[in-house]
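From a predicted model like this one, the values you see are computed outputs, not experimental measurements. Heavy atoms only: backbone and side chains are in, while hydrogens, waters and symmetry mates are out.
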Amino acid sequence: MSDHQLRTRTPAGPAPGPRAPGPRAAAAFRAAAPALAVYAGARALGLLAYWAAASAAGKDPLGPLSGRWDSVWYQRIAENGYRYTVTLPDGSVHSDLAFFPLLPALERAISEVTPLTLGGAGLLVAWTAGLLAAWGIFAVGAQLRGRRTGVVLAALWGVYPTAFVQSMAYTETLFTALAAWALYAVLRGRWIVAGALCVLAGLTRPTAAALIAALAITAAVTLVREYREERRAGPVLRRNARMIAGVALAPLGWLAYVVFVAVREGSPFAYFDVQAQWGNNIDGGRALAAFIAGLPWPAALGLCAALGLLGWLVVLCVRQRQPLPVLVYALTIVVISLIGAGYFGSRPRLMMPAFPLLLPPAVALLRLRTTGRTAVVLAVLACASAAYGAWTLLGPGPP
């Protein structure tokens, strides 16, 4: 990997003078408007398809969006704090300490200052964060490959097979928004901002470890490279003081919650014990292998093909020479999602924040001869995603 790939983009020359934030924000919004419009259209189509299917089946459309599965756990925390456990028939104990605190804190705050219920507040957070995530994904794509790529990248994230989760009171959109903007901040050389966003991501989902790793590895490679060039540690450290501060800041949110659980439960490894009780411990991929081995051979072949496609996307990301922080983040999300022992059906959802994997398909779509063909492909994918989302949300199992 060349030095160019390892460098984060930093402005050359003297720092620009202060500018009013309003015009700058307005210009950034105008640039992102096509991406936000396409993303919002894809999610609106998904909600419309689901609403029609739920109404036809005589079911409450809002129930699965804000009142089932993980959403219930978050709302219970928002209402009562961390105090709930349930013992399953097999004897395993599920504690609400497995869920990170930022989403329930936002739900509680919004419900106290608005007429919204906790479920409505969760949907407001998820839908708003979805737009912010699409904006951040656009910003990263535009930074790396231009604005048209950024638009298509945001659109592809909005038609991801499990994109229906983006319309639920879950943490995926909130985490992806924080991660996308943190990566964009790194690409722009704004390490303190990246570290602060990483703190919030660490209070949202355990997969913030991927974002922390992206910042830490990028900083370490940068420091080692510059030290080799100069052989003097002092100037290298002083020149990169903000980068070091951002990296030091990054893990504090994740660590704060792990320490909170440790103190509450009286054990330094209590958080990991809680996750193990939920079946979310790391087993190196044994559960995945056992799941595949237990499938009928057509389903096993199909799943292996899907994993092969995932591996090919990873190879394309490497060949595309994505910047180090972006590449480390995406690969770590994939690895974390595959080597856990948790419920297999959730793994596509867990990989959804790894939006850089969609950059090679976005570039490929832009190679079609006309914009119309690209739009047709995206429309077909949006319809397929909407149909799959409606079918899944009306089913019995969690996503």
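- Between the side chain of Trp181 and the backbone N or O of Leu132 there is at least one donor-acceptor pair closer than 3.5 Å.
- For Ala133 against Ala180, the heavy-atom pair with the smallest separation is O-CB, 4.4 Å.
- Contact of the Pro161 side chain with the Pro348 side chain is not registered, since no non-hydrogen atoms from C-beta on lie closer than 4.5 Å.
- For the atom pair CG of Leu183 and CG of Leu327, the computed distance is 11.0 Å after rounding to the nearest 0.5 Å.
- A donor-acceptor contact under 3.5 angstrom links the side chains of Arg205 and Thr171, judged on distance only.
- Atoms CE and CG, from Met168 and Leu123 in turn, are 9.0 Å apart once rounded to the nearest 0.5 Å.
- Without hydrogens or angle criteria, Ser385 side chain to Leu381 main chain gives no donor-acceptor distance under 3.5 Å.
- A 4.5 Å side-chain heavy-atom check between Phe100 and Thr204 finds every atom pair outside the cut-off.
- Side-chain contact between Leu394 and Tyr50 is present, with at least one heavy-atom pair separated by less than 4.5 Å.
- In this structure, the ring of Phe99 has its center less than 6.0 angstrom from the ring center of Tyr74.
- Between Trp127 atom CH2 and Thr173 atom OG1 the span is 11.0 Å, to the nearest 0.5 Å.
- The minimum heavy-atom distance linking Pro325 with Ala214 is given by the pair O-CB, 3.3 Å.
- Between Cys317 and Leu357, the closest side-chain pair of non-hydrogen atoms falls below 4.5 Å.
- Residues Val258 and Leu252 do not share a hydrophobic cluster, defined by chaining ILVMFWY side chains whose heavy atoms lie under 4.5 Å apart.
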Next item on the list: Would you sort out whether Thr162 and Phe164 count as a side-chain contact (heavy atoms from CB on, under 4.5 Å), showing the intermediate values?
Entry: CA-CA 5 Å; Thr162 58; Phe164 62 89; 4.0 Å; yes

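- In this structure a side-chain-to-backbone donor-acceptor pair under 3.5 Å is present from Thr374 to Leu365.
- The two residues Leu144 and Pro323 have their closest heavy-atom pair at CD2-CG, 3.3 Å.
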Item checked: Step-by-step side-chain contact (heavy atoms from CB on, under 4.5 Å) determination, Val93 to Val86 -> CA-CA 6 Å; Val93 178; Val86 59; over 6 Å; no

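- Between Leu307 atom CG and Leu338 atom CG the span is 6.5 Å, to the nearest 0.5 Å.
- Phe175 is connected to Val193 through a chain of hydrophobic side-chain contacts under 4.5 Å among Ile, Leu, Val, Met, Phe, Trp and Tyr, so both are in one cluster.
- Without hydrogens or angle criteria, Gln75 side chain to Ser66 main chain gives a donor-acceptor distance under 3.5 Å.
- When side chains are defined from C-beta on, Tyr271 counts as touching Pro206, because their heavy atoms get closer than 4.5 Å.
- Proximity of Arg347 to Leu288: side-chain heavy atoms (C-beta onward) are separated by under 4.5 Å at one or more points.
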Checklist line | Evaluation steps, ring pair (Phe, Tyr, Trp, His ring centres under 6.0 Å), between Tyr39 and Trp135 | finding: CA-CA 9 Å; Tyr39 172 79; Trp135 191 348; over 10 Å; no

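- Leu359 and Leu378 end up in the same hydrophobic cluster when Ile, Leu, Val, Met, Phe, Trp and Tyr side chains are linked at under 4.5 Å.
- A heavy-atom distance below 4.5 Å is found between the side chains of Arg145 and Gln320.
- Asn240 places no side-chain N or O within 3.5 Å of a backbone atom of Met243 that could act as its donor or acceptor partner.
- Residues Leu215 and Gly246 approach most closely at CD2-O, 4.4 Å, considering heavy atoms.
- Sparse packing is recorded around CZ of Arg242, with 12 or fewer heavy atoms of other residues, nucleotides or ligands lying under 6.0 Å away.
- Tyr257 places a side-chain N or O within donor-acceptor distance of the main-chain N or O of Leu97, the cut-off being under 3.5 Å.
- Going from atom CG of Leu124 over to atom CD1 of Ile110 covers 5.0 Å, rounded to the nearest 0.5 Å.
- Between the Ser71 side chain and the Ala169 main chain, a donor and an acceptor come within less than 3.5 Å of each other.
- Minimum interatomic distance between Ala179 and Leu211 (heavy atoms only, all atoms of both residues): CA-CD2, 3.8 Å.
- Considering all non-hydrogen atoms of both residues, Ala386 and Ala49 come closest at CB-CB, 3.9 Å.
- Remark: the backbone N or O of Ser95 is paired with a side-chain donor or acceptor of Trp278 at under 3.5 angstrom.
- Side-chain atoms of Asp96 come within 3.5 Å of backbone atoms of Tyr84 as a donor-acceptor pair (strictly under, hydrogens ignored).
- Judged by distance alone, with hydrogens and angles left aside, the side-chain atoms of Arg68 form a donor-acceptor pair with the main-chain N or O of Leu393 at under 3.5 Å.
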Check: Which is it for Met352 and Thr176 under the side-chain contact (heavy atoms from CB on, under 4.5 Å) test, yes or no, and what are the steps along the way?
Finding: CA-CA 8 Å; Met352 188 166 58; Thr176 304; 5.8 Å; no

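- In the hydrophobic clustering of ILVMFWY residues, with side-chain heavy atoms under 4.5 Å counting as a link, Leu313 and Trp157 come out apart.
- Looking only at atom types and distance, the side chain of Glu172 has no donor-acceptor partner in the side chain of Tyr160 under 3.5 Å away.
- Rounded to the nearest 0.5 Å, atoms CD1 (Ile77) and CG (Leu103) are 9.0 Å apart.
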Margin query: Checking Trp254 against Val199 for the side-chain contact (heavy atoms from CB on, under 4.5 Å) test, could you report, in this order, the C-alpha distance in whole Å, the side-chain angles of both residues, the deciding distance, and whether it holds?
Written below: CA-CA 7 Å; Trp254 186 88; Val199 170; over 6 Å; no

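- By the criterion of side-chain heavy atoms lying less than 4.5 angstrom apart, applied directly or through intervening Ile, Leu, Val, Met, Phe, Trp or Tyr residues, Ile336 is not grouped with Leu331; the two fall into different hydrophobic clusters.
- Proximity of Tyr329 to Pro353: side-chain heavy atoms (C-beta onward) are separated by under 4.5 Å at one or more points.
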